[in-house]
Amino acid sequence: MTRYNNLFVSHKTKGLLMRRKAVRAIFPGSFDPITNGHLDVISRAVKLFDELVIAVGRSPIKNQLFTPEERVKMIEEIIRRTRMKGVSVESFDGLTVEYAAKKKADVILRGLRSLTDVQYEFQLAMTNRAVAGIETVFIMTSEQYGFTSSTLIREIASLGGDLSNLIPENVYERLRERFKKRRP
Ligand code: ADP
């Protein structure tokens, strides 16, 4: 027996594990702002991939509330607080497949909430595979986040609704600050 990553394994198993290629995934999205739904997908993904890069798209999105820098900062705070291993965050410009190639990513990760998501995500995944040969891996969210979207979060926050079950505390604080400033 010998040690490998705090495990006692046979020499043969250690050899196999050491030869295994680390799998790097990127999780691209707008994350405006990140929700518990995104985090649910991320918490499942860390068990499957050796490295996960949360990639915040810089391309202008409709009704953008937070700048890419603000979105990255909120995610960094969450990674630090939850002590998630192998997870990092950065922003990116342009095509997801080009960014994936630059990061030498093995797969693109996307989250699924419902059958409505499947149609769009299927098309996106097929296109990305056709143009860049990259695979997309889907993770289904928990039922309780099946209806959570950043768009809805922004709308509810603008009307002063209670979002404590749907978004992390630091995001909630930032939303409250943002809408306090906007209200007369
Ligand atoms: P995009 O604009 O690229 O769709 P989003 O930030 O809205 O960016 O979403 C990023 C990814 O996270 C997408 O794959 C989306 O389907 C997924 N996602 C969004 N909300 C949830 C949720 N509540 N549960 C699981 N996955 C989600």
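Just follow the structure's listing: the first ligand is 1, and inside any ligand the first atom is 1. Basis for what follows: all heavy atoms, side chains included, without hydrogens, waters or symmetry-related copies.
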Residue pair T141 / R113, side-chain donor-acceptor N/O under 3.5 Å: no
Nearest option to atom 2 (O) of ligand 1, as decided by whichever heavy atom of A55, S30, P33, S150 sits closest: S30
Contact check, E121 vs ligand 1, heavy-atom distance below 4.0 Å: yes
Contact check: T148 vs ligand 1, nitrogen or oxygen atoms, below 3.5 angstrom: yes
Element-labelled atoms of ligand 1 that are located less than 4.0 Å from some non-hydrogen atom of G37: 22 (C), 23 (N), 24 (N), 25 (C)
Nearest neighbour of atom 17 (C) of ligand 1 from the list G111, G146, P28, S149, on a heavy-atom basis: G111
Electrostatic pair E76:R71 at N-O distance under 4.0 angstrom: no
Side chain, backbone, both or neither: F27 near ligand 1, heavy atoms under 4.0 Å: side chain
Proximity of R110 to ligand 1 by residue part, where a heavy atom lies under 4.0 Å: both
Donor-acceptor pair between S150 and D32 side chains, under 3.5 angstrom: no
Pairing of E173 and R178 as salt bridge, 4.0 angstrom limit: no
Flag for D162-S164: side-chain donor and acceptor within less than 3.5 Å: yes
Donor-acceptor contact present, side-chain N36 to main-chain N165, <3.5 Å: yes
Minimum-distance protein heavy atom relative to atom 21 (C) of ligand 1: R113 CD, 3.6 Å
K103/E90 ion pair, N-O < 4.0 Å: yes
T141 neighbourhood, listing ligand 1 atoms whose heavy-atom distance to it stays under 4.0 Å: 24 (N), 25 (C)
Sub-4.0 Å atoms of ligand 1 with respect to non-hydrogen atoms of F31: 6 (O)
Mode of V41 contact toward ligand 1 - side chain, backbone, both, neither (heavy atoms, under 4.0 Å): side chain
Heavy atom of the protein closest to atom 19 (C) of ligand 1 (residue, atom name, distance): H38 NE2, 3.4 Å
Face-on cation placement of R176 at Y172 ring, 6.0 Å and 45° thresholds: yes
